[in-house]
Amino acid sequence: IIFEPSLYSEGYTLVYPHNQPHARLIDACGEVVHMWANDSLRRPGNSAYLTPMGNLIWAHRPAAFVDDAIWAGGGGAVIEARSWDNEVLWNYMLNDSTGRLHHDFAITQSGSVLAIAWERIDSLEAVDAGRDPALLEGGELWSERIIELQPNETGGADVVWEWRVWDHLIQDFDSTKMNYGVVSEAPERINVNFGTPSSEAPDWLHMNSIDYHGGLNQILVSVPTFDEIWIIDKGSPENGLIWRWGNPEAYGQGVSGDQQLHYQHAATWLDAPYHQGSPDFGKIGVFNNRNPGTAGPYS
């Protein structure tokens with residue numbers, strides 16, 4: 001429609017529209033220069049990225065999900081690598097009663113993939129961990145874990161590392177249960193009774209983006225139901241969160257007026273080559289979706 005060369009960074013743009021199966025590279029004028037086609041009954045689940053070698057790594061799922069054990073917006077099923085010529089190089093699937101890939105993943109410098117996955121927790125385990133039974137609907141809770149996938153020689157991928165939210169909880173609801181403590185004194189831990197409603201009642205955290213900083217060996221995730229972004233030290237996963245920002249009320253160190261993020265998406269380090277020379281290089285960018293403002297909500 002309009003092309004302003006002075007505002008355009010050289011290169012192509014990868015687009016992966018939500019309600020169709022294919023990924024496309026487009027040029028500055030919107031012309032498709034390359035396409036990775038998928039089966040017509042597949043849908044994004046949700047992200048796609050290019051590797052430095054020109055391969056595509058994307059997430060997709062079946063278009064039909066009515067009978068799936070776990071489903072909410074952003075649900076995936078498969079993470080897969082394809083060559084430039086659309087040959088399948090490897091894939092990994094997780095979509096069953098125990099958990100499900102969803103939303104996003106990040107590619108590391110070694111070629112492994114860090115992926116977000118729902119982890120199904122039954123109601124008894126949730127209550128034992130200190131979850132308020134009044135906050136349980138449907139007899140289950142979906143926690144989150146991050147899994148690192150390393151492609152193997154048989155066309156699949158192996159889980160070589162993981163980090164579980166369930167290993168880093170705190171609660172001040174029931175002193176007879178696990179994880180009891182003072183929430184405000186443990187910001188590195190996650191309050192199992194905090195969070196705003198998601199699209200599905202069990203979907204407690206609904207992580208919707210992940211990024212990896214190789215130089216720092218740190219993982220950045222967006223947690224919209226907490227209105228926060230978190231950083232995890234991959235080298236010291238036992239430490240829980242090493243940084244969090246957006247809503248100090250989530251860890252008992254603020255009130256609603258201190259909130260900065262509102263159901264945000266797409267937290268990412270601005271460290272790509274095309275950010276070089278920008279005053280924002282090295283910062284974190286995030287899409288703040290529901291800022292209430294004076295005339296909001298607005299993005």
Side-chain angles (χ1 to χ4, degrees), residues 16 18 21 23 36 38-39 41-49 51 55-82 88-108 110-122 125-126 138-168 190 198-212 219-225 230 232 234 237 265:
Y16 192 32
H18 190 62
W36 289 267
N38 206 352
D39 184 275
L41 296 179
R42 305 297 292 184
R43 295 293 180 270
N46 287 42
S47 299
Y49 298 101
T51 72
N55 296 326
L56 180 80
I57 301 182
W58 60 359
H60 55 84
R61 61 169 176 85
F65 51 81
V66 164
D67 296 323
D68 290 356
I70 297 174
W71 169 257
V78 172
I79 292 177
E80 182 177 72
R82 301 249 183 141
V88 176
L89 303 176
W90 63 266
N91 62 26
Y92 177 87
M93 182 172 69
L94 176 59
N95 177 21
D96 57 31
S97 61
T98 67
R100 181 172 193 151
L101 297 168
H102 66 100
H103 279 92
D104 197 17
F105 59 89
I107 304 169
T108 74
S110 69
S112 65
V113 170
L114 293 164
I116 302 167
W118 282 308
E119 182 178 15
R120 190 177 199 168
I121 308 292
D122 70 41
E125 185 179 355
E140 64 186 45
L141 186 72
W142 304 344
S143 186
E144 300 277 9
R145 65 186 182 122
I146 298 168
I147 56 175
E148 182 174 10
L149 304 174
Q150 185 66 55
N152 59 39
E153 296 179 353
T154 63
D158 301 314
V159 177
V160 296
W161 179 90
E162 76 167 1
W163 183 90
R164 301 173 70 231
V165 164
W166 211 247
D167 294 332
H168 304 282
I190 297 141
S198 184
S199 58
E200 296 289 336
D203 189 12
W204 169 41
L205 297 163
H206 196 75
M207 284 184 181
N208 57 21
S209 75
I210 184 170
D211 195 19
Y212 177 68
I219 299 167
L220 171 69
V221 292
S222 166
V223 187
T225 58
W230 297 346
I232 300 153
K234 187 172 182 291
H265 284 69

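The figures that follow rest on heavy atoms only: side chains count, while hydrogens, waters and symmetry mates do not. Values in this document were obtained by computation on a predicted structure and should not be read as measured data.
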Handout entry: Ion pair Glu148/Lys234, N-O distance below 4.0 Å
Key =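 Salt bridge flag = yes for Lys234 with Glu148.
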If you compare all heavy atoms of [X] against all heavy atoms of [Y], which two are closest, and at what distance to 0.1 Å?
X	Y	answer
Tyr212	Ala106	N-CB, 4.0 Å
Ser143	Leu205	OG-CD1, 4.5 Å
Pro151	Ser112	CD-CA, 4.5 Å
Leu94	Ala117	CD2-CB, 3.9 Å
Pro21	Trp58	O-CZ3, 3.7 Å
Phe105	Ala48	CZ-CA, 4.4 Å

Heavy-atom side-chain proximity of [X] to [Y] below 4.5 angstrom:
X	Y	result
Asn38	Arg43	no
Glu140	Asp122	no
Val159	Tyr92	yes

Tell me whether [X] contacts the main-chain N or O of [Y] through its side chain, where contact means a donor paired with an acceptor under 3.5 Å.
X	Y	value
Arg120	Leu141	no
Asp68	Trp71	no
Arg61	Ala77	no

Exercise for the section: Kindly determine whether Trp230 and Leu220 satisfy side-chain contact (heavy atoms from CB on, under 4.5 Å), including the steps that lead there. Expected result: CA-CA 6 Å; Trp230 297 346; Leu220 171 69; over 6 Å; no
Nearest-0.5 Å distance that lies between atom [atom1] in [X] and atom [atom2] in [Y]:
X	Y	atom1	atom2	value
Trp90	Glu153	CH2	CD	15.0 Å
Ile57	Ile107	CD1	CD1	4.0 Å
His103	Ile210	NE2	CD1	12.5 Å
Trp166	His168	CH2	NE2	13.0 Å
Glu119	Trp142	CD	CH2	13.5 Å
Leu101	Leu149	CG	CG	7.0 Å

Practice task
Give the C-alpha distance, both sets of side-chain angles, the deciding distance and a yes or no for side-chain contact (heavy atoms from CB on, under 4.5 Å) between Glu144 and Arg164.
Solution key: CA-CA 6 Å; Glu144 300 277 9; Arg164 301 173 70 231; over 6 Å; no
Problem - Any residue meeting side-chain hydrogen bond (donor to acceptor under 3.5 Å, both in side chains) with Asp104, in chain and number order, not counting sequence neighbours - result: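 Here the qualifying residues are Ser47, Tyr49.
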Exercise for the section: Taking side-chain hydrogen bond (donor to acceptor under 3.5 Å, both in side chains) as the test, write out the residues that go with Thr154, two or more places apart. Expected result: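 Applying side-chain hydrogen bond (donor to acceptor under 3.5 Å, both in side chains) to Thr154 gives Asn152.
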Problem - Glu162: which of Ile146, Ile147, Asp167, Leu114 passes side-chain contact (heavy atoms from CB on, under 4.5 Å) - result: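 One option only clears the test, and that one is Ile147.
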Handout entry: Residues in side chain to side chain contact (heavy atoms under 4.5 Å, CB included) contact with Val88, at least two apart in sequence or another chain
Key =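 Testing Val88 for side chain to side chain contact (heavy atoms under 4.5 Å, CB included), a comparison that skips the adjacent residues, returns Glu80, Arg82, Asn91.
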Problem - Steps toward side-chain contact (heavy atoms from CB on, under 4.5 Å) verdict (Asn55, Leu89) - result: CA-CA 9 Å; Asn55 296 326; Leu89 303 176; 3.7 Å; yes
Exercise for the section: Indicate, with yes or no, if the rings of Trp204 and His206 have centres closer together than 6.0 Å. Expected result: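 Trp204 vs His206: aromatic centres not under 6.0 Å.
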